[in-house]
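What follows is a set of notes on a single structure, which appears directly below.
In the text below, chain A, chain B and the rest are named by the order of the sequence lines, each starting its count at 1. Note that the structure is predicted; figures quoted are calculated from it, not measured.
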Amino acid sequence: PGELRSRLRDAREEEDAISYVRRNLHGRISLLSDELLARRGGRGTSRSVDALVGALGDGPSGCRGARQGVALRASEVAGRRGAERVLSEAHLAHLPDLGDDDIEHLLERVESSEHELSELRRRLHAVIDSLEDELAGRYKNGLELPLERL
Amino acid sequence: MPEELADIWERFFKNPRDQDARERLILNYAPLVKFVAGRVRAALPPSVDQADLVSYGMLGLIEAIERFDRKREVKFETFAIPRIRGSMLDELRALDWVPRSVRAKGRELAQAMTKLQSTLRRDPTEEELAAELNVALDEIRDRLDASAAMSIVALEDITTVGSEEGDRVSLLDTLADLGAEQPGEAIEAEETRRALIESIESLVDRERKVIVLYYFEGFTLARIGDILGVTESRVSQIHSKAVLALRVRMAE
Ligand SMILES: Nc1nc2c(ncn2[C@@H]2O[C@@H]3COP(=O)(O)O[C@H]4[C@@H](O)[C@H](n5cnc6c(=O)[nH]c(N)nc65)O[C@@H]4COP(=O)(O)O[C@H]3[C@H]2O)c(=O)[nH]1
Ligand SMILES: Nc1nc2c(ncn2[C@@H]2O[C@@H]3COP(=O)(O)O[C@H]4[C@@H](O)[C@H](n5cnc6c(=O)[nH]c(N)nc65)O[C@@H]4COP(=O)(O)O[C@H]3[C@H]2O)c(=O)[nH]1
């Protein structure tokens with residue numbers, strides 16, 4: 001099980017890093033699309049904290065079965081993939097200076113990165129599931145608790 | 001050429017009243033609040049509203065921007081995330097989010113656990129806790145369900161290590177650390193970890209198994225239910241009872 005555990009740990013760390021970037025991209029998509037909405041709707045572009053909260057509080061949610069080990073830290077973005085490099089660009093800091101079509105362009109890029117990452121993440125969830133199935137199977141067959149490893 | 005982020009920070013650092021720099025920094029890092037809200041919410045009951053968490057978290061982000069000291073070698077995100085999470089939990093606590101009656105019942109249960117642990121020289125069963133408090137078994141299970149919901153917000157963390165606030169090592173953080181690659185750095189955290197592992201070894205079989213499978217193997221409660229042959233909600237109660245037993249034992 002040691003080798004199985006280390007594969008599981010690597011897959012989970014990868015999933016953690018991807019989820020961190022993905023959720024940040026969700027936040028960017030919310031803010032960019034809300035900015036376009038505000039400009040078109042004549043709400044001006046006063047970026048009050050309330051407006052930010054309104055934009056970020058949306059989006060689907062709902063929890064998937066309690067699991068421990070959901071880390072709360074900034075993942076080191078390895079930048080292996082283009083989608084992760086998008087995170088390192090600070091375009092939101094320049095939002096006040098961007099024209100409408102700049103924002104639309106940016107939205108397209110961020111959304112396609114988000115899709116790419118979500119697909120990768122889905123595959124990782126499947127890998128994690130099958131590794132966990134295998135480890136759980138060993139416990140059902142009488143694997144002892146690794147107390148010496150705690 | 002758009003201004004570099006480092007230059008916006010520099011501008012804000014030199015003049016904290018520069019509204020333009022401040023607004024751009026808040027805009028730039030606001031998505032972090034969505035990330036933290038998603039993860040904090042994963043540990044809370046579904047009744048907590050995502051938008052509320054985001055608004056509490058935003059306060060933490062703004063405070064982090066104002067307090068960030070660029071001379072320290074840490075990345076802003078690493079500095080900000082604990083503060084965003086902290087302000088979410090502080091606001092939930094201030095809202096008295098967990099009803100007093102629920103907390104009182106939880107405290108009563110902890111007192112019964114303490115008393116029986118010392119008289120029986122082992123952890124009491126649910127039935128023994130029910131007899132001690134003169135309530136039905138279902139009432140004990142309801143209280144265990146309530147404590148699961150309260151966990152990161154209202155349960156006082158009894159395992160204190162250092163003297164000042166900053167040194168306190170929370171039981172839940174130490175448990176969460178069990179699955180981590182590198183154990184806690186501080187020596188106090190190492191002592192707490194040792195004491196926790198001894199306490200885990202003294203749990204009854206099924207509770208010890210739930211704790212190890214949940215915190216060390218990182219399985220979901222549903223999967224643990226499948227391994228043990230019980231429902232997920234039953235696993236949640238076993239988990240809550242085990243954490244209560246550990247909490248009381250570590251407080252000694
Ligand atoms: N801009 C923006 N886009 C978002 C947001 N959340 C999700 N998306 C994107 O929208 C797709 C559909 O999300 P969904 O309807 O919630 O449908 C989701 C959801 O039902 C479920 N799911 C995925 N990840 C999680 C998760 O971490 N927790 C929960 N509870 N469900 C999840 O799987 C479905 C498919 O997920 P994906 O393949 O990742 O595909 C996701 C993702 O690409 C958001 O806040 N902002
Ligand atoms: N092994 C494995 N791990 C999984 C799976 N689904 C999610 N995770 C991991 O578990 C974390 C918590 O998920 P959650 O409780 O559903 O909590 C989620 C959920 O409430 C929400 N969320 C994220 N993506 C979506 C989505 O696409 N749709 C919906 N509806 N909610 C989402 O944001 C919260 C935090 O998301 P993250 O930061 O991505 O953090 C996620 C992710 O790292 C899975 O099927 N297998």
Side-chain angles (χ1 to χ4, degrees), chain A residues 5 8-9 12-13 19-31 35 47 49-50 52-59 61-76 87 89-98 128 132-133 135-137 139-140 145-147 149-150, chain B residues 2-5 8 20 23-28 30-43 46 49-55 58 62 75 77-78 80-82 85 175-176 178-179 181 193 197 200-201 208-209 212-223 226-227 232 236:
Chain A
R5 282 192 188 107
L8 201 46
R9 174 163 289 153
R12 282 172 175 160
E13 272 172 17
S19 290
Y20 171 74
V21 180
R22 177 179 176 269
R23 288 303 276 167
N24 270 280
L25 293 189
H26 288 167
R28 287 197 185 188
I29 292 166
S30 297
L31 293 179
E35 174 74 9
R47 259 152 240 103
V49 173
D50 284 351
L52 290 184
V53 169
L56 290 172
D58 72 340
S61 63
C63 293
R64 277 186 166 164
R67 75 180 57 228
Q68 191 44 40
V70 178
L72 206 71
R73 57 184 158 66
S75 289
E76 285 317 308
L87 192 68
E89 294 163 27
H91 25 250
L92 280 179
H94 307 118
L95 194 58
D97 315 322
L98 295 178
I128 292 170
E132 285 185 0
D133 279 346
L135 185 56
Y139 274 110
K140 281 185 196 167
L145 294 181
L147 292 177
R149 303 248 336 217
L150 290 185
Chain B
E3 194 182 8
E4 290 284 328
L5 189 60
I8 300 175
D20 176 79
E23 187 182 89
R24 287 171 188 269
L25 290 171
I26 293 173
L27 259 178
N28 191 66
L32 275 182
V33 179
K34 179 145 190 159
F35 165 69
V36 177
R39 294 263 164 129
V40 167
R41 196 161 168 280
D49 184 30
Q50 177 99 1
D52 286 345
L53 278 185
V54 167
S55 70
M58 196 56 84
I62 294 169
K75 224 172 69 165
E77 289 84 345
T78 308
I81 284 174
R85 174 180 186 264
L175 274 171
L178 282 179
E181 190 90 86
R193 185 186 174 101
I197 292 169
I200 289 171
E201 286 170 347
R208 187 174 56 237
K209 199 161 194 175
V212 174
L213 293 181
Y214 191 61
Y215 292 101
F216 181 72
E217 298 292 13
F219 287 160
T220 58
L221 293 180
R223 187 179 286 281
D226 179 51
I227 293 172
E232 180 179 352
S236 176

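- Contact annotation for D133(A): both backbone and side-chain heavy atoms come within less than 4.5 Å of a heavy atom of chain B.
- Note: A136(A) leads S30(A), A136(A), S19(A) in heavy-atom pairs under 4.5 Å with chain B.
- Only the side chain of F216(B) has a heavy atom closer than 4.5 Å to any heavy atom of chain A.
- By the 4.5 Å heavy-atom criterion applied to side chains, L150(A) and Y215(B) are not counted as neighbours.
- For chain B, the nearby part of R12(A) is the side chain; its heavy atoms alone come within less than 4.5 Å.
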Checklist entry - What do the steps show when you test L175(B) against Y214(B) for side-chain contact (heavy atoms from CB on, under 4.5 Å), and what is the final call? => result CA-CA 10 Å; L175(B) 274 171; Y214(B) 191 61; over 6 Å; no
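- Salt bridge status for D49(B) with R41(B): absent, with no side-chain N to carboxylate O gap under 4.0 Å.
- The backbone N or O of Y20(A) sits less than 3.5 Å from a side-chain atom of N24(A), completing a donor-acceptor pair.
- For L31(A), the part sitting under 4.5 Å from any heavy atom of chain B is the side chain, from C-beta outward, and nothing else.
- Between the CG atom in L53(B) and the CZ atom in R39(B) there is a gap of 14.5 Å [rounded to 0.5 Å].
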Checklist entry - Are E35(A) and L98(A) close enough, and set up right, to give a side-chain contact (heavy atoms from CB on, under 4.5 Å), and what steps lead you there? => result CA-CA 10 Å; E35(A) 174 74 9; L98(A) 295 178; over 6 Å; no
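- The greatest number of non-hydrogen atom pairs below 4.5 Å with chain A, out of I200(B), V36(B), D226(B), is found for D226(B).
- Residue A30(B) touches chain A through both its backbone and its side chain, counting heavy-atom pairs closer than 4.5 Å.
- Using a distance-only test at 3.5 Å, with no hydrogens or angles considered, a donor-acceptor pair links the side chain of R208(B) to the main chain of E201(B).
- If you tally non-hydrogen atom pairs under 4.5 Å between each of E132(A), R23(A), R5(A) and chain B, the highest count goes to E132(A).
- The part of L213(B) that comes within reach of chain A is its side chain, from C-beta onward, which places non-hydrogen atoms under 4.5 angstrom from that chain.
- Proximity to chain A is absent for every atom of L25(B), based on heavy atoms less than 4.5 angstrom apart.
- Residue contact with chain A, scored on non-hydrogen atoms closer than 4.5 Å, involves the side chain of L5(B) exclusively.
- Only the side chain of I8(B) comes within contact range of chain A, judged by heavy atoms closer than 4.5 Å.
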Checklist entry - What do the steps show when you test E23(B) against L52(A) for side-chain contact (heavy atoms from CB on, under 4.5 Å), and what is the final call? => result CA-CA 11 Å; E23(B) 187 182 89; L52(A) 290 184; over 6 Å; no
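- Both the backbone and the side chain of R28(A) come within contact range of chain B, judged by heavy atoms closer than 4.5 Å.
- Summarising the geometry, atom CG belonging to L56(A) is positioned 5.0 Å from atom CE belonging to M58(B); distances are rounded to the nearest 0.5 Å.
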